[in-house]
Number of protein chains: 2
Amino acid sequence: MSKSNNVYKDAFNRCLRLLDETQSLPSEPELGTLLGVSRTTVRSILSRMEETGLIAWNKRNKTVLRGPRPEDFFPEEETDSLAEIIERSFMRRLLAGGAEAGMQINELELAREIGVGTTSVREFLIRFSRFGLIEKRRNSHWVLKGFTRAFALELTEIREMFELRSAAAFAALPEDSAVWADLDRLEIDHRRLASDIANRFNEFSELDERFHRLIHRASHNRFIVDFYDVIAMIFHYHYQWNKAEERQRNEVAVQEHLAYIAALKSRDPGKVDAACRKHLKSARQTLLSSIPEGRQAQPADGTLSGTFARA
Amino acid sequence: MSKSNNVYKDAFNRCLRLLDETQSLPSEPELGTLLGVSRTTVRSILSRMEETGLIAWNKRNKTVLRGPRPEDFFPEEETDSLAEIIERSFMRRLLAGGAEAGMQINELELAREIGVGTTSVREFLIRFSRFGLIEKRRNSHWVLKGFTRAFALELTEIREMFELRSAAAFAALPEDSAVWADLDRLEIDHRRLASDIANRFNEFSELDERFHRLIHRASHNRFIVDFYDVIAMIFHYHYQWNKAEERQRNEVAVQEHLAYIAALKSRDPGKVDAACRKHLKSARQTLLSSIPEGRQAQPADGTLSGTFARA
DNA sequence: AAAATGTTTTTTCACGATAAAAGACATTAC
DNA sequence: GTAATGTCTTTTATCGTGAAAAAACATTTT
């Protein structure tokens with residue numbers, strides 16, 4: 001089957017949404033930049049839009065004939081990249097329980113269960129290994145290290161080290177740096193969210209990532225910036241998984257962020273340090289409380305069929 | 001061609017060296033553990049040893065008939081794994097010069113030049129990406145970030161953060177921890193090397209890695225331990241590449257290590273911190289001095305054929 | 001002539017296939 | 001009955017192949 005055309009389908013859907021706003025589409029290169037795809041893909045999109053009567057296309061003229069209808073869109077599930085499909089599938093298994101430290105991961109079986117080739121699974125596992133949750137035995141299988149309390153503690157230890165340093169670097173940035181405008185924008189978004197937290201509390205996770213990435217970037221250190229991928233990934237699944245008291249947790253976090261932002265704006269190293277520490281401490285608590293320590297217990301004779309097999 | 005049998009060949013060579021020391025070989029499972037391979041591979045090795053008249057093999061009896069001769073060994077270059085071959089080849093290109101920040105890396109061409117399949121190259125690049133020297137453009141090529149001064153500074157910043165913390169944790173380890181014996185052994189090896197530094201200075205890099213890995217392990221943090229892979233990789237190639245004043249540099253480093261070891265043994269946090277800082281500072285200097293800042297300059301019309309192409 | 005469109009080439013992504021290596025099961029030896 | 005050997009099965013490592021997507025080149029339009 002070689003390669004799915006999800007890049008095309010996803011870009012097509014995004015292009016459809018663009019149609020609502022304008023009378024005619026821009027040039028091919030411009031569309032390419034806008035959608036983040038090559039001109040080859042842009043032309044495929046335009047071809048289909050012409051075929052389905054969405055636009056009239058003649059060279060530079062791309063006139064919108066009608067607005068997009070629901071049936072024009074490709075189904076959501078066809079727009080995901082293989083890597084995303086594998087990651088979701090893998091994480092579901094990992095968090096579903098019954099996946100404990102020490103278990104073996106079987107590439108072939110994982111591939112079969114998800115319905116993809118082994119190569120894609122192998123590449124996924126290699127990429128995923130940097131998150132510290134799995135480990136490769138040379139010439140042999142992968143071993144699951146488990147989403148344990150130890151993992152969470154090690155992760156947060158580094159996070160705190162990195163963020164304290166980044167926050168200090170942030171506060172020391174010159175007055176005319178562009179980051180202060182970014183920070184202002186974030187502050188406004190935080191205030192907006194805070195004022196309607198009862199309804200929009202689930203929008204916090206996106207804001208959270210934006211905020212912390214901005215701070216980490218101030219370190220000007222690629223290892224610190226890259227490490228935030230690990231945190232983001234863990235928190236992403238953590239948010240999906242642990243919905244207990246979500247509203248209240250996020251409400252607290254928004255307030256901590258606002259205090260943290262104020263401290264940064266004051267540019268007082270002591271205040272920054274204190275606000276940063278306070279927020280990181282409660283973030284750690286939140287993460288730790290979501291890890292049931294009792295998960296280690298398991299039926300001793302479990303015929304663990306599936307991807308994760310007893311070692 | 002599917003898969004080379006380098007695991008077998010490498011294990012065979014190592015097994016040959018074992019032959020020199022004993023009259024008869026141990027059981028198959030035991031040999032497997034000793035060589036770090038499966039019994040399947042052990043049996044292939046024994047088969048060949050029987051065929052070439054090295055041993056007489058009858059079930060449990062594996063009598064050594066003669067010592068190994070040079071022609072019994074497989075050639076060194078056939079014992080390397082594909083991953084090693086690709087890494088060496090890639091690093092040679094990277095350090096050979098003409099490889100600057102911003103250049104594109106072409107999987108297909110790299111694969112052709114090395115004479116391997118694209119899959120292996122892809123997997124190598126994914127694994128290698130965690131070192132922070134290359135970066136992937138989604139759905140497109142890899143970009144070389146370059147072995148620059150900025151890279152070295154970012155690397156050492158993290159290293160210093162991690163090692164200071166690890167060293168402090170090390171010194172706080174209980175008296176009965178096994179690490180103190182490891183440290184004693186390392187101290188002895190350092191003294192031995194110091195006493196004959198004029199001849200054995202090139203043995204330092206191996207000792208260096210052993211020492212720092214021991215310290216990092218005291219952090220009990222997988223991210224810190226794993227990060228040492230980045231440092232080890234960089235220093236590995238750096239040692240091969242920059243031979244200038246190697247003897248003198250290593251001589252200094254050995255003495256710093258000894259002072260560092262003494263500080264750890266004193267378990268005085270202040271002394272540990274000072275000794276660690278001092279050594280890390282000179283390590284950073286060594287690394288920085290080996291990066292010629294002028295490497296940015298390049299002929300403007302360079303027809304950069306090969307793996308790294310102008311962006 | 002700068003920037004678009006039209007066309008062709010190259011590269012990336014993903015698969016199935018195959019030999020090497022690991023692992024599991026069955027049998028024999030001590 | 002434990003631990004080895006002998007045999008068979010499964011998994012991993014690697015390649016070649018082909019479609020999707022990008023990139024390069026050629027031509028037209030403004």
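Proteins come first, then strands; the chains are lettered A, B, ... in the order of their sequence lines, and each starts at number 1.
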Could you please name the option among [options] that lies closest to any side-chain atom of [X]?
| X | options | answer |
| --- | --- | --- |
| Ser120(A) | dT11(C), dC15(C), dA22(D) | dC15(C) |
| Arg43(A) | dC13(C), dT7(C), dA4(D) | dT7(C) |
| Leu108(B) | dG6(C), dA21(D), dT12(C) | dT12(C) |
| His141(A) | dA14(C), dG6(D), dG23(C) | dG23(C) |
| Arg60(A) | dA21(D), dT5(D), dA3(C) | dA3(C) |
| Glu107(A) | dG6(D), dA21(D), dA13(D) | dA13(D) |
| Ser2(A) | dG6(C), dA19(D), dT14(D) | dA19(D) |
| Asn5(B) | dA20(C), dA4(C), dA14(C) | dA20(C) |
| Val116(B) | dG6(D), dC15(D), dA13(D) | dC15(D) |
| Thr41(A) | dT12(D), dA22(D), dT5(D) | dA22(D) |

Send over the distance from [X] [atom1] to [N] [atom2], rounded to a whole Å.
| X | N | atom1 | atom2 | answer |
| --- | --- | --- | --- | --- |
| Trp57(B) | dA4(D) | CH2 | P | 15 Å |
| Lys9(A) | dA19(D) | NZ | P | 16 Å |
| Leu35(A) | dA20(D) | CG | P | 19 Å |
| Arg137(A) | dT11(D) | CZ | C1' | 16 Å |
| Asp80(A) | dA14(C) | CG | P | 12 Å |
| Leu31(A) | dT5(C) | CG | P | 9 Å |
| Leu46(B) | dT7(D) | CG | P | 15 Å |
| Glu123(A) | dA14(C) | CD | C1' | 8 Å |

(request) Using only heavy-atom distances, decide whether a donor-acceptor pair under 3.5 angstrom links the side-chain of Lys3(A) to the base of dT12(C). (result) yes
(message) With a 3.5 Å cut-off and heavy atoms only, can you find an N or O donor on one side and an acceptor on the other between the side chain of Thr40(B) and the base of dG23(C)?
(response) yes
(request) Determine, step by step, whether Phe147(B) and Tyr237(B) satisfy the ring-ring contact (aromatic ring centres under 6.0 Å, His included) criterion, reporting the C-alpha distance in whole Å, the side-chain angles of both residues, the deciding distance to 0.1 Å, and the verdict. (result) CA-CA 11 Å; Phe147(B) 188 62; Tyr237(B) 285 101; 9.7 Å; no
(request) Using atom types as modelled and distance alone, determine if a side-chain donor or acceptor of Lys136(B) lies under 3.5 Å from a backbone N or O of Ser140(B). (result) yes
(request) Look at the side chain of Ser44(B) and the backbone N and O of Thr40(B), then say whether any donor-acceptor pair between them is shorter than 3.5 Å. (result) yes
(message) Applying a 4.0 Å non-hydrogen cut-off, can you work out what Thr119(A) is touching in the nucleic acid: base, sugar-phosphate, or nothing?
(response) base
(request) May I ask you to say what Ile105(B) touches in the nucleic acid, namely base, sugar-phosphate or nothing, with a heavy-atom cut-off under 4.0 Å? (result) sugar-phosphate
Within less than 4.0 Å of OP1 or OP2 of [N], is there a side-chain N or O belonging to [X]?
| X | N | result |
| --- | --- | --- |
| Asn106(A) | dT12(D) | yes |
| Ser4(B) | dA20(C) | no |
| Lys62(B) | dA4(D) | no |
| Arg122(B) | dC13(C) | yes |
| Ser38(B) | dA21(C) | no |
| Lys136(B) | dC13(C) | yes |
| Lys59(A) | dT29(D) | yes |
| Ser140(A) | dG23(C) | yes |
| Arg112(A) | dC15(C) | no |

(message) Under a plain distance cut-off of 3.5 Å, with no hydrogens placed, do Ser89(B) and Arg93(B) share a side-chain donor-acceptor pair?
(response) yes
(request) Can you sort out the partners of Phe73(A) under ring-ring contact (aromatic ring centres under 6.0 Å, His included), two or more places apart, ordered by chain and number? (result) none
(request) Please list, chain by chain and in numerical order, all residues satisfying ring-ring contact (aromatic ring centres under 6.0 Å, His included) with Phe131(A), sequence neighbours excluded. (result) Phe128(A)
(message) Using heavy-atom distances to pick each residue's nearest nucleotide on DNA chain C, tell me which of Val121(A) and Asn58(A) is more 5'.
(response) Asn58(A)
(message) Pair Phe227(B), Phe223(A) - check ring-ring contact (aromatic ring centres under 6.0 Å, His included), show working.
(response) CA-CA 9 Å; Phe227(B) 185 75; Phe223(A) 298 105; 5.2 Å; yes
